[in-house]
Amino acid sequence: MPFRLLKFALSKEHPEPRMFQSRDRLKSSYDAVIIGGGGHGLAAAYYLSRDYDMSNIAVIEKGYIGSGNTGRNTTIIRSNYLTPEGVKFYDESVRLWQDLSQDFDLNLFYSTRGHFTLAHTDSALRTMRWRAEVNKHFGIDSEVVSPDDIQSACPPMNLACGGHAPVLGALYHAPGSIARHDAVAWGYGRGADQRGVEIHQQTEVLGITVQSGRVTGVDTNRGHVSTPKVLCAVAGFTPRILDMVGLRSPLYIHPLQALVSEPMKPWLDPIIVSGSLHVYVSQTARGELVMGASLDPYELHSTRSTFDFAEGLAAHMLELFPFLSHVKIVRQWAGLADMTPDFAPIMGKTPIEGFYLDSGWGTWGFKATPVAGKTMAHTVACDRNHDLIQEFSLSRFKDYQLVGEKGAASVGH
Amino acid sequence: MNEMRLLPIPGEWIDRRQLIDFTFEGRRVTGYAGDTISSALWASGYRILGRSFKYHRPRGILSFANHDTNTLMQNGQMLNVRADVLSIRSDMALTAINSMGDVRSDRAHVLDFFSAFLPVGFYYKAFHTKKLFPFWEKVIRRMTGLGTVDPSTPHIRTAKRYDFCDVLVIGAGISGLSAALSAAQAGVDVVIVDENLHPGGSGQYQLGGEMAQAQHTANLVKSVQQHPRIRLYTETEAAGYYDDHWVPLVGRNYLSKMRAESVIVATGVYEQPAVFRNNDLPGVMLASAAQRLIYRYGVKPMNRAVVLTANSDGYRAAVDLIAQGITVVAVVDLRESYVEDQWTKKLCDRGVKIFPNHCIYEASSNPANDGVSAAIVCSLNSGNPETGFAQLISCDGILMSVGWAAAANLLYQAKTKMRFDDHVQQFVPHILPPGIFACGRVNGIFHIEQKRCDGQRAGLEAAAYLGKSDLTKIAVLPEAESPSHPFPIVAHPKGKNFVDFDEDLQLKDFYNAAQEGFDNIELLKRYTTVGMGASQGKHSNMNALRILARITNKTPEQVGTTTARPFFHPVPMSHLAGRGFTPERRTPLHSRHEALGAEFMLAGAWRRPEYYRQRGKNREDCIRLEVEAVRNGVGIIDVGTLGKLEIRGADAAEFLERVYTGRYTSMKIGTTRYALMLDETGVIVDDGVIARLSAEHFYFTTTTSGAATVYWELSRLNTMWRLDCGIVNLTGARSSINLVGSHARTVLAKLTDFELSEAAFPYLAVREMRIAGMPAIAMRVGFVGEWGYEIHVAADSALALWDALMNAGADYNIRPFGVEAQRVLRLEKGHLIVGQDTDGLTTPMEANLGWAVKLDKPFFVGQRSLQIIAKRTPKHTLVGFVLEKNFKGTPPQECHLIIDNNEIAGRVTSIAFSPTLQCYIGLAYIKPGLSEVGNSFSIRTTDGTSVMATVSKTPFYDPDNARQKKIATVRREVVV
Amino acid sequence: MTGFRVSPICDAMRLAQRATSEKMAKPSSEESLIATEREINQMRFAQGNSSGHSTTLGITDLSFLTRFGVKGAAAAAWLHAQNLPIPDAPNRWLPLRGGGLIARLGFNEFLIEDSINSSIAPQLIELSQHPPAKVYPVLRQDAAIALGGSLILDLLAQTCSLHFRALNLSECPVVLTTMVGVNVTIIPGEIYRIWCDGTYGVYLWQTLLNIIEEMQGGAVEFEQLLPL
Amino acid sequence: MKLITCPINGTRPVSEFVYGGELRLISDPQALDDQTWAEQVFYRNGAPGIKKEWWCHVPSNTWFIAERNTATDETLNTYLYGEEDSR
């Protein structure tokens with residue numbers, strides 16, 4: 001038993017302070033306002049206060065911290081992207097992830113499991129080689145492996161997939177990890193709070209005031225605050241915020257659903273993804289299988305669940321893992337994915353001075369949490385796009401300079 | 001051994017004539033047919049049925065209502081079996097799942113003594129140094145999880161069906177049955193479901209000793225069963241509520257997707273535990289659990305009971321115990337006083353001591369540590385226990401009857417607005433969505449007569465919603481007193497007063513979590529994991545909410561509930577998956593390919609011959625021989641998977657002008673032309689060949705993978721543009737076969753009278769002719785670069801055509817070839833494949849297809865974007881390349897990168913050894929500075945070695961397309 | 001030289017035959033022959049030999065019936081001019097004099113199928129060689145099957161999301177929907193007629209037959225499920 | 001499963017339909033400057049609300065317009081393209 005746990009047994013009172021203060025009112029002005037108290041918004045606040053000495057900041061969250069996609073995703077972390085800009089960006093993220101538990105002094109259960117993206121067709125296999133080669137070029141541990149390699153990493157898997165779509169190989173990414181998603185928001189929240197950042201939960205932004213092309217303040221349901229800088233980090237709600245400042249974007253919102261099973265004894269070590277079967281799955285520290293599939297097929301700004309999703313995902317899961325027939329699904333849920341045409345995020349400065357975007361996170365936002373926070377903190381503090389996000393600006397669409405992440409649109413997550 | 005079995009009780013669910021033996025933890029147990037695992041074990045004197053999740057404390061029966069998750073068991077390949085509801089069978093060999101060794105002496109029970117080290121969220125606060133986490137993670141993973149999956153479990157394909165009804169009633173208790181009956185009497189078709197083995201709900205066990213009530217319920221059940229408009233399904237769980245009144249019903253061996261016009265939720269309430277120290281000892285159970293044990297299974301819950309209550313239900317439960325000869329030592333009532341009625345009188349008459357304004361401060365464990373020995377009772381002072389005046393009342397069981405929580409999960413999922421009703425201390429529906437109704441206890445109506453009225457009301461309202469009844473107002477009287485106590489929770493300095501039995505959460509855990517800032521119901525849930533266990537908070541969410549309300553000084557309404565998501569009860573994956581339908585498409589020639597030894601590959605829903613196996617030859621040799629056959633003689637390939645479309649009408653040409661990049665209005669009749677399709681952003685999405693059959697009639701092909709989407713998109717565009725033309729999708733109705741090679745014309749000539757000379761049927765022409773007596777469309781197109789015909793016939797004639805061609809070609813050693821050979825052949829010709837040599841962002845300029853784009857047309861999809869793109873230099877372009885003639889090493893593969901000055905300068909999209917040219921050839925994207933013909937560049941292979949390649953002109957083979965236009969007179973005249 | 005036509009479902013029956021004889025692990029004797037090949041309208045097709053199933057649940061291949069498709073804004077008028085009755089609303093069908101049927105698929109598309117004795121479709125194919133404006137002939141190469149028996153609604157409930165019981169059969173409805181993942185056209189009635197793209201025929205047949213056999217039904221001779 | 005009403009084939013589960021995106025009427029492309037055109041092509045009306053959308057009933061290949069609230073997934077009206085007024 002770790003020594004640290006002794007204090008709980010030895011002290012009469014629970015020896016833990018509040019992680020985040022609750023505050024009665026908003027101040028009348030802040031140096032920056034961050035809209036969205038999810039992982040990204042809190043991470044930006046954390047790095048702003050830690051690295052740029054900016055702590056007169058309000059994080060404004062409509063619900064509670066981590067209530068959006070931070071608490072709704074399937075917690076997969078990887079960096080095996082396709083484009084150089086994507087790979088560099090996510091690689092930095094993985095690097096930050098690995099130290100996060102220690103930085104926070106909070107166990108995020110950051111668990112390196114290895115990540116297999118299965119190929120069922122020769123074209124998928126080709127795409128994986130592409131990704132592996134680009135990854136290796138940037139020093140990312142990523143390779144195409146054979147069915148035998150997959151089988152030995154996950155002996156019970158049925159690589160024949162019921163004869164419908166046999167597995168031909170996989171992209172293997174050893175650093176692929178999972179983490180306890182809620183705790184990420186708490187860790188960043190606590191860190192920011194300790195440095196003086198105000199986190200205002202259950203506070204809704206109603207409008208943003210812009211004067212001659214500059215942000216001047218934010219209207220909330222708890223009153224107006226003035227600020228020269230606003231960071232929008234609200235994922236699926238981005239289009240609504242953009243409406244407030246009169247900006248348009250290519251973002252379109254589709255729900256992304258997920259399922260979780262009853263706990264069972266651990267049998268699945270790696271993270272398994274199959275683009276063809278629309279399945280990704282990992283087993284949590286509690287023994288549950290967390291599963292997801294592809295985006296819902298049409299625009300919707302609601303986190304409702306659909307039964308057809310559960311049916312389809314279960315059917316595909318059983319093709320790969322027929323022995324899960326008796327395993328029960330406990331719960332399903334959904335998040336709102338803000339998709340972009342090239343499957344890369346939209347980050348950085350905008351045509352409105354002092355208004356910064358951290359959006360376009362689609363199905364890949366969780367894994368970017370640390371690096372998005374870090375780069376956006378730099379961007380907000382210096383009013384200059386961080387080097388790692390130069391390619392991700394909103395203006396790239398108008399300039400037909402799309403990022404090639406969609407180039408091989410085989411699989412996300 | 002049935003030491004706890006009672007004498008037979010009318011209406012019981014067990015069949016005492018049928019004994020069933022099974023094993024639990026290796027011991028033989030005997031029960032009756034109809035027993036659940038828990039009832040049979042309890043009857044046999046077992047007390048420890050499972051171990052708790054975190055502290056491995058002994059646990060017995062708690063709710064006995066399908067959410068006793070501490071008693072989940074393993075039965076062979078079945079994991080997490082619910083002992084409280086699953087009927088016993090003689091082939092069961094059960095073990096407790098969360099126990100190290102025998103459940104009675106679980107070695108992991110020492111964790112209980114360390115519980116002080118393991119406060120709420122302890123795992124966030126330790127184990128996380130980067131070095132040590134992997135170790136601790138292993139330890140945690142060893143302790144975690146419930147049951148075990150057996151990898152040899154077969155793929156179970158459960159039948160699923162769609163079903164429909166006017167009104168779906170969920171819950172066949174008194175109110176549900178009444179609702180079903182009144183709706184059916186109004187003339188609508190009703191389906192009523194209940195998760196229990198038999199209908200009747202609490203009407204058959206919360207009796208207060210009055211068997212007449214059970215009889216009334218039975219009569220109601222009978223009326224429902226006999227009504228011709230009602231279908232009653234028991235052992236059927238409503239898994240969740242989905243949009244548009246869609247409710248999946250889960251039965252033992254089937255799943256039914258019920259589409260109702262209207263839904264009545266009569267799901268009742270979950271009884272909630274009181275929170276006091278050691279409230280989890282085996283023998284401490286909910287009063288309703290005890291009543292179900294008695295009236296359904298004839299099992300004595302205990303011999304000597306203390307009843308903790310805060311409502312009249314507890315008194316009735318006490319009377320039920322007494323009626324079965326069980327000693328009730330005391331009734332402890334949390335309320336300051338109680339209303340005297342027939343039940344309290346009955347208890348007083350029997351000499352039962354009633355303690356109003358008292359609480360159970362703690363329960364004492366017996367020496368064997370497998371049950372209760374006493375209840376320690378204190379009086380209350382303004383709700384706080386006066387611990388100085390504790391009395392110890394010895395007993396072997398404690399009943400808890402302190403309140404209820406609405407089983408409103410389905411109502412929440414249906415987006416019902418709920419409100420907290422202070423009078424009944426429960427969330428009740430406030431605004432119901434259209435077509436959704438609620439009745440009975442979930443609606444806050446508890447009194448048995450009122451439940452009947454409320455059911456009638458809901459049934460009539462549902463019928464009225466469907467236009468089948470004029471609404472007659474039915475008055476439902478409110479409850480006389482609250483069935484639920486506002487705070488049945490007693491603090492204790494030593495803790496172990498459990499709120500969530502799934503997750504082993506104690507009262508102090510909630511205070512501690514709130515102290516750490518998790519004082520919002522959703523954050524509290526996530527931090528403590530309350531309600532996240534397998535019972536999904538059915539017994540814990542309400543108490544957690546009350547505790548949080550007290551901590552934050554809010555009302556339960558202000559605290560609000562967490563979001564209720566499907567499923568209501570966990571659903572097996574086999575039920576969700578069903579049979580698993582995976583549509584497969586076959587061309588009409590599939591059986592021929594099989595007979596010829598085809599190795600198939602997936603192409604969407606199709607299976608296409610990748611190559612044909614030959615005895616004694618490996619894959620590469622087979623493919624090479626197929627390539628050579630085409631180059632040197634004649635080959636045949638099934639290309640029936642191509643999309644095949646037809647467009648007719650005055651505006652047909654105009655339509656094609658708008659959707660494809662080339663020019664088609666000027667096409668001569670009887671000719672074909674390459675067709676390239678872009679999206680609005682100028683990116684290549686598909687390609688094919690367009691043939692003009694007459695002035696107003698075109699026939700054209702798409703890629704195999706693009707067929708469906710292209711047809712949809714063209715249909716949409718035609719809907720929008722309203723041109724005078726009609727598109728017909730012939731992908732499945734027509735079959736197509738390519739006959740290619742220098743002997744192709746000779747072979748075809750055997751089967752047709754049609755003039756096949758270059759003059760009569762030139763390169764790139766299309767002709768309608770009869771081949772082997774069949775009407776066919778033949779095109780002189782050449783993806784593979786030889787004299788060839790793409791022949792399209794009606795699908796039902798494809799076999800005949802294939803056989804005829806094979807016969808006619810026999811003298812020329814005709815050889816069928818597969819997709820792989822075709823890829824090599826087209827590569828020799830430098831033709832790209834959309835999707836392989838292009839990606840999701842490739843423009844025609846990059847792909848070197850500028851020639852196929854007529855930018856000066858008035859309009860085509862993608863044109864405007866292309867005008868912008870055309871102004872700038874492409875980032876990379878597609879070029880052909882060759883490896884050294886005598887290259888011997890491991891060749892690069894598709895998607896290997898081109899490296900220039902240690903930077904990525906492009907990538908290979910196609911590469912193959914050309915049997916014809918005897919060297920490796922390929923296509924690659926490469927940045928502008930390197931794309932000159934003759935330029936050398938370096939490709940990095942998987943193992944890191946560099947391979948030099950040289951940019952080459954394409955086509956690699958027969959650059960003047962002579963072979964497609966002229967019959968090769970001499971074989972092997974190929975110039976390299 | 002004359003070709004022969006083959007039903008798109010022919011392979012499925014051959015596969016079933018092979019599976020059965022493999023199961024019996026002996027050369028197929030007279031009784032174990034579950035399918036025979038026949039030829040009608042110059043089309044080869046295979047069919048079940050059992051006769052008993054048609055009362056519980058029987059399936060048969062009717063792809064050999066001749067049929068004709070046409071669409072376009074002027075299709076109805078053109079068919080009318082050929083003396084055919086036109087269903088007055090979308091997704092309705094009518095019987096043809098002399099046997100067979102005409103089904104209206106949506107507003108502007110029609111499927112005409114002959115009975116075993118009639119030959120209207122071949123005539124229409126001939127007549128539509130040079131169609132007038134806004135008349136677009138549609139080559140029909142369907143896998144066409146018939147289902148019959150007392151358990152048919154149960155089979156449909158397992159394979160198709162449509163509420164067949166709610167249809168008013170007196171209106172002669174035609175249903176365009178999906179079944180086990182395949183787009184189908186269905187005419188309900190005592191006997192259910194189903195048409196789908198021929199390239200899905202083997203899959204549809206095999207999937208339905210598996211369930212039918214679970215329900216103690218099977219493939220039957222077409223005469224037992226012959227439509228109008 | 002969500003229900004959608006095809007104007008021709010009636011009410012069916014959403015699995016029978018394909019979503020074709022928001023109905024966007026683009027004016028003469030040549031009349032727009034490069035920037036305006038690029039915005040037209042890439043930018044979306046991304047915020048939730050009642051939108052006119054293309055939907056196709058796949059078994060019958062019927063394209064139609066649905067007016068749908070993208071916040072609640074309620075379909076308010078469906079009609080064939082250009083026949084909005086006839087309903």
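Protein chains get the first letters and strands the later ones, always in sequence-line order, with residue 1 at the start of each.
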Side-chain donor-acceptor pair present, B/Tyr123, A/Arg180, cut-off under 3.5 Å:
no
Between B/Thr942 and A/Val144, is any pair of side-chain heavy atoms under 4.5 Å apart?
no
Please flag which part of A/Asp122 lies under 4.5 Å from any non-hydrogen atom of chain B: side chain, backbone, both or neither.
side chain
Carboxylate-amine/guanidinium proximity below 4.0 Å for A/Asp269 and B/Arg141
yes
A/Ser123 versus chain B, the contacting section by heavy-atom distance below 4.5 Å
neither
Are any non-hydrogen side-chain atoms of B/Asp243 and A/Thr306 less than 4.5 angstrom apart?
no
Which residue in the set B/Ile156, B/Val149, B/Thr153 passes side chain to side chain contact (heavy atoms under 4.5 Å, CB included) when paired with A/Leu324?
B/Val149
For A/Asp105 and B/His128, which I'm curious about, is there any donor-acceptor pair between the side chains at under 3.5 Å?
yes
Among all residues two or more places apart in sequence or in another chain, which pass the side chain to side chain contact (heavy atoms under 4.5 Å, CB included) test with B/Lys508?
B/Gln506, B/Asn512
Flag side-chain contact, heavy atom, 4.5 Å: A/Tyr400 against B/Ser865:
yes
Compare all side-chain heavy atoms of A/Lys328 with those of B/His575 and state whether any distance is below 4.5 angstrom.
no
With a 4.5 angstrom heavy-atom cut-off, is it the side chain or the backbone of B/Gln515 that approaches chain A, or both, or neither?
both
Report yes if some heavy atom in the side chain of A/Gln102 is under 4.5 Å from a heavy atom in the side chain of B/Lys131; otherwise report no.
no
Check side chain to side chain donor-acceptor pair (under 3.5 Å) between A/Glu16 and all other residues, then give those that pass, not counting sequence neighbours.
A/Lys7
I'd like to know if A/Arg286 and B/Glu503 make a salt bridge, using a cut-off of under 4.0 Å between side-chain N and carboxylate O.
yes
